[in-house]
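What follows is one structure encoded as structure tokens, with my remarks underneath.
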Amino acid sequence: MNKIISRPTTEEHQARKTIMEVAYLCLSVFLFLIVILSGRANFASAASRVSFAVQVLIGVASLACFVLARRGHTMAGAYFLPYGVLLLTFALINSTGIGSVNALFFVTIVVIAGVTAGMRGVILFAALSVVSVVGLSLAQAQGLLANKTPVSVVTPAITIAHVVGDALVLVLLIRIFNQNLHRALASNQELRQLQTGLEQRIAERTRDLQIAADVSRQITRVLDLDVLLPKLVQKTRQGFNLYYVALYLHDQHTGKLTLEAGAGREGARMKSDEESLHISARPSVVAQAAREHKPEIINDTAQSAIYSFDPHLPDTRAEAAFPMLVSDELVGVLDLESETVGRFQESETQIFATLAEQIAIAVRNAQLYSRQEQVARELERTDLMKSRFLASMSHELRTPLNAIINFTQLIAMGVAGPVTDEQATMLNTSLSSSRHLLQLINDVLDISKIQAGKLSLYIEEDVNLNVEIKAAVDMAEPLLQKQDASRERPIRFIQDVDKDLPLTACDRRRLRQVLLNLLSNAIKFTEQGSITLSAKKRGDEFLFAVMDTGPGIPREMQARIFEPFVQATNDNKHAPGTGLGLPISRSLVQAHGGDLWMESALGEGTTFFFTLPFRQ
Amino acid sequence: MNPQKPILVYVEDDENSIFVMKMVVERVMKLPTLYVLQSRADFVQQVKGLGVVPDVFLLDIQMKPYDGVELLSMLRSDPQFDKSKVIALTASVTNEEVSLLKRGGFDGAIAKPLNIEVFPDLIARIMKGESIWHIV
């Protein structure tokens, strides 16, 4: 029977086994149905009871075949078929004889044979069926069968035609089925091979990418090249199982490629030897890649004219050098060496190229970072120098100035002997100039602190604003009197200050400084009319205003007067100022959380406003 | 203690400042003498060597080797000078320094350069027990 079933491949075998199992099950059910039907019809005589027993045996045998088939004994089914045919023929002899119902049975046998045993099975069983039908017809014609009806030629002829026709159709179907099955199995095989190949490649790529990602992580974390690069070459060598990995950095000015990091002991030795080569060096895979800005891959060093033997690395058989570029500017070269000929295949070179690119960016970042750090250190030094300069300004500049002021004052007071009026005037001018210089120094210190963001307030609780306003007015009044002395009509000084302004938290000295600055500005620039100081509480803040009837400030100057060293007028007939008072005042008010602004109309006067938040 | 004739001690390392203060105290305020001491480790001994308990100590802040704040703590370690007023003389009127002086336990501060016109009045007010922070 082995010949009947074409030698199957594993897949074919598997597919056929499943089909056979189903077929045996159908056959068993079918046989049982026949047994039961025929048994019911002919149960009266002893002969028919024997016949029934035989049919039960057939049923049990077919079931056993099914069970065996399920357990993997596929041949059992094939053995069963002729056995079943013979026994069924015997059963038919005992029962009805040849007829159209039996034709159906033979057709069924042929179909099942086709499904289970293939094309040759169909032909064999079709032949068997024809022989059986012919035999049965002859037996019936001779009256050997129980059925006494004479047989005509037509019935067996129809049955045979039926069987042969069906067998032909089946053979065709099976051929098509087999072809398709073969094709399907073949493409399945192909698919599976492809899939296995793909899986393998995916696994390789995943591994490569993991190493690359690992290296990249290092790159983004470490900004110190001395730490980063040795780690990088080590990781790359281990991860890609290479013989040697090295990084060369390119110096644009000298054109030198200097070994920055090399993996392993060889690398350390070459690093301590400060190995370097010039970009024009030949033969050199590294220099070639650097010159061309392209990866240079030598898969068999013995066949290469570019490769130059390195006694430190005697086992190199393949070398690949990848230029490290940042926007086409050469940062360095990543050099990989392997003991295996043909190590650097296209699949991996892309990853190495990407790696080289990333290292290039990392190196560039680290270089920029260290440069930035240097700049920051320099700035810090400059800042420290500035602070020292300011401290020395405040002490070394003011100490002699203090002496000048105090000695001038003492002499003017007559402490060192009588002073004439003329001398007194000159001494007082000297004194006021010295004081102006001192104010300038103080203002410069203030503005430096403000610009450096180092201005800090000394906030005191429960400051009585009425007291502070009075103190500022007391300080401003001598200035006003002095100005008035040279005028025909004195300037009216009007105070519109609410009594009992609530106590608030603020920097008293700075508040006085602001008030005094605004008042002295008003006094300096007002030729006639009045100066009004007002202070009121408005909601949760205080509103201060210093209004004068001076010349007013041109619109184009209004924004600029808050810039350092800018004054509304250039003529110096007014008491000279530092040009720093307003910017300082505004900063002081803003530091309190308030604001300072102005309104002015040419020829009518100027009003400076500022607010101070009320804080209990 | 005579409020009209307070005993003043001045600690300063700048000759010009010492000269000005002597002039102000002896010629303008017409006090008998201004005691001038140096910033040294034996500061308390120097004071005791004067033979009098000073009413007001005027300590310069920016001095070497010991600054005014350090001298103050030396003084405060001796109960003999509990009643003496200690005033800081300072040129740098930064907020940090003012709060430092207040926290340091000074009874007041007077800005440098000395305003000779108001200085006698400031001393008189200090003698009356007022807390003077004349640092504008």
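Model, not experiment: these values are computed from the prediction. Order of the sequence lines fixes the chain letters, A, B, ..., with proteins taken first and strands second; residue numbering starts at 1 for each chain.
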When you look at A/M413 and B/V24, which way does the side-chain contact (heavy atoms from CB on, under 4.5 Å) test go after all the steps?
-> CA-CA 10 Å; A/M413 284 168 81; B/V24 172; over 6 Å; no

Does A/K536 NZ have over 12 foreign heavy atoms under 6.0 Å away? yes

Full working for side-chain contact (heavy atoms from CB on, under 4.5 Å) between B/V28 and A/L410: CA-CA 9 Å; B/V28 179; A/L410 283 170; 4.2 Å; yes

Within 6.0 angstrom of A/D421 CG, more than 12 heavy atoms from elsewhere:
no

| query | Got more than 12 heavy atoms from elsewhere within 6.0 Å of CZ, A/F493? | reply | yes

Give a yes or no on whether B/K22 atom NZ has more than 12 heavy-atom contacts from other residues, nucleotides or ligands under 6.0 Å away. yes

Distance col, row B/K102:NZ vs A/E460:CD, nearest 0.5 angstrom, shows 4.0 Å

Counting only heavy atoms not in A/R487, do more than 12 fall under 6.0 Å of its CZ?
yes

Checking heavy-atom separations under 4.5 Å from chain B, one finds in residues 400-409 of chain A A/N402, A/A403, A/I405, A/N406, A/F407, A/Q409

